[in-house]
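Start at 1 and go down the list; that is how both ligands and their atoms are numbered. Counting begins at 1 with the first residue of the sequence.
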Amino acid sequence: MQIRHSKQLFSRAQQSIPGGVNSPVRAFKSVKMNPLFIKRALGSKIFDVDGNEYIDYVGSWGPMILGHARAEVVLKLEETIRNGTSFGAPTEGEIQLAEMVCEAVPSVEMLRLVNSGTEASMAALRLARSYTGREKIIKFEGCYHGSVDPLLVQTGSGAMTLGIPDSPGVPPSFVELTLQGKFNNLTSIIKLVEENPGEIAAVILEPVAGNMGLIPPEHGFLQGLRDLCDREGILLIFDEVMSGFRVEYGGAQEIFSIVPDMTIFGKVIGGGLPVGAYGGRQDIMLQVAPAGPVYQAGTLSGNPLAVAAGLATLGILNEENPYPELAQKTSWLSAEFKCAAESSGIPIQTQAIGGMFGFFFSAEPVLNYQQALKTDTEQFANFFRNMLKHGIYLAPSAFESLFVSTAHSEEDIERTAVAFKKALSGD
Ligand SMILES: *Cc1c(COP(=O)(O)O)cnc(C)c1O
């Protein structure tokens, strides 16, 4: 595999961009490689600047559920761009996108668009604190909600991969109001609530954890949180930035039949352009300015191009309902992975849900952050490099989920299965 041009670009990038990348996990540090610079992508494939072709399971970290450069999305963007790229004034597309999300996710009665998942979770917390008149937040070890100061504690993937659970520059007083619960452990949350009576504004979590590897909720965990929040007047916030429109059209809350008070979106709803959103019950959302007193604003929020890509993407997902097919592909991949691991005598764990799948090099089941940390990351790094050599582009971290798109063909999956066997046997 020739990667000369990527290497040159990476050394150049490091002169003008910190670490050579605009988001940490792109740097391939944990797999002890230089990042590949990408030139273009189409369908299930990405192509680097040295002309190598890969089957892509990163999908821009989730948004590309229809594959790259899907014709209808490109066409809609082309049409939109000719009419100007930003007005700082309302457009009809924003209403359509809000209506589509509200229709798909019934717990969301109103929606505010922002520019990233990070921005959405920041705003959702502010709103939850104002609505409840309380200050403390419970988050879960290993759940990631963007690079938001008060949430940068034990955040999973990016920080986990680099071994910085807390970031310098976040004053201890900023995280004082953030309490840490254990995923899949209701008792840990009940205890936190009991220790802080009447003080918890919100419990925020990824209903399907995707940023410490893929860890689905155990039976009863989400319902237990819902009941606890109801009892204590706490708002339950689902961060569906990754799982929304990814595991099912109505998100993880549809699959597990849980109604959160607020939901955060991003990734798929922007179809590959920068979008985030937060929404929920009308009485809560009416507190947001200018309807209510809770300030939140954005010059480019609801940007016409981003909205166009989101509308085109959700429109196709709604019409084609690819979720059974995506689920079938991810369970096929995880079965192939399991089979390849067994024949090489390597203990692994795999999970698949809708268009997401994941695996750990571990003999023990992985149900939470502490268990994820104990898995074999060295073995993952070797496996990652072998897969790349065989033309398969995985996320460069043992603590990420992998994504399948409608563009992944049977042939792609068969080729991936062959690569699994070779890579796991050390080839
Ligand atoms: C990606 C992600 C975010 C952050 O979204 P950005 O658009 O990167 O700011 C928040 N929460 C979850 C669950 C995510 O996967």
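- Atom 3 (C) of ligand 1 has V241 CG1, 3.7 Å as its closest protein atom, hydrogens excluded (heavy atom only).
- Listed by first and then second residue, the salt bridge (charged side-chain N to carboxylate O under 4.0 Å, His left out) pairs involving residues 244-253 amount to none (not counting sequence neighbours).
- Note: an N/O pair closer than 3.5 Å links G117 and ligand 1 by distance alone.
- Taken from CG in D239 to NZ in K139, the straight-line distance is 10.0 Å, to the nearest 0.5 Å.
- When only interatomic distances are considered, the shortest N/O to N/O separation between E206 and ligand 1 does not fall below 3.5 Å.
- Rounding to the nearest 0.5 Å places CG of L214 at 7.0 Å from CD1 of I353.
- Of all protein heavy atoms, the one lying nearest to atom 11 (N) of ligand 1 is D239 OD2, 2.7 Å.
- When each atom of ligand 1 is checked for a heavy atom of S116 under 4.0 Å away, the hits are 7 (O), 9 (O).
- Salt-bridge check for K329 with D412: failed, with every basic side-chain N at 4.0 Å or more from each acidic carboxylate O.
- Looking at R246, M242, K267 and measuring to atom 1 (C) of ligand 1, the nearest heavy atom belongs to K267.
- Some N or O of Y144 is nearer than 3.5 Å to an N or O of ligand 1, by distance alone.
- Nearest non-hydrogen protein atom to atom 9 (O) of ligand 1 is T118 OG1, 2.6 Å.
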* Could you walk me through whether K136 and E232 pass salt bridge (charged side-chain N to carboxylate O under 4.0 Å, His left out), step by step? => CA-CA 13 Å; K136 291 182 181 167; E232 303 289 336; over 6 Å; no

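- A 4.5 Å side-chain heavy-atom check between L66 and L317 finds at least one atom pair inside the cut-off.
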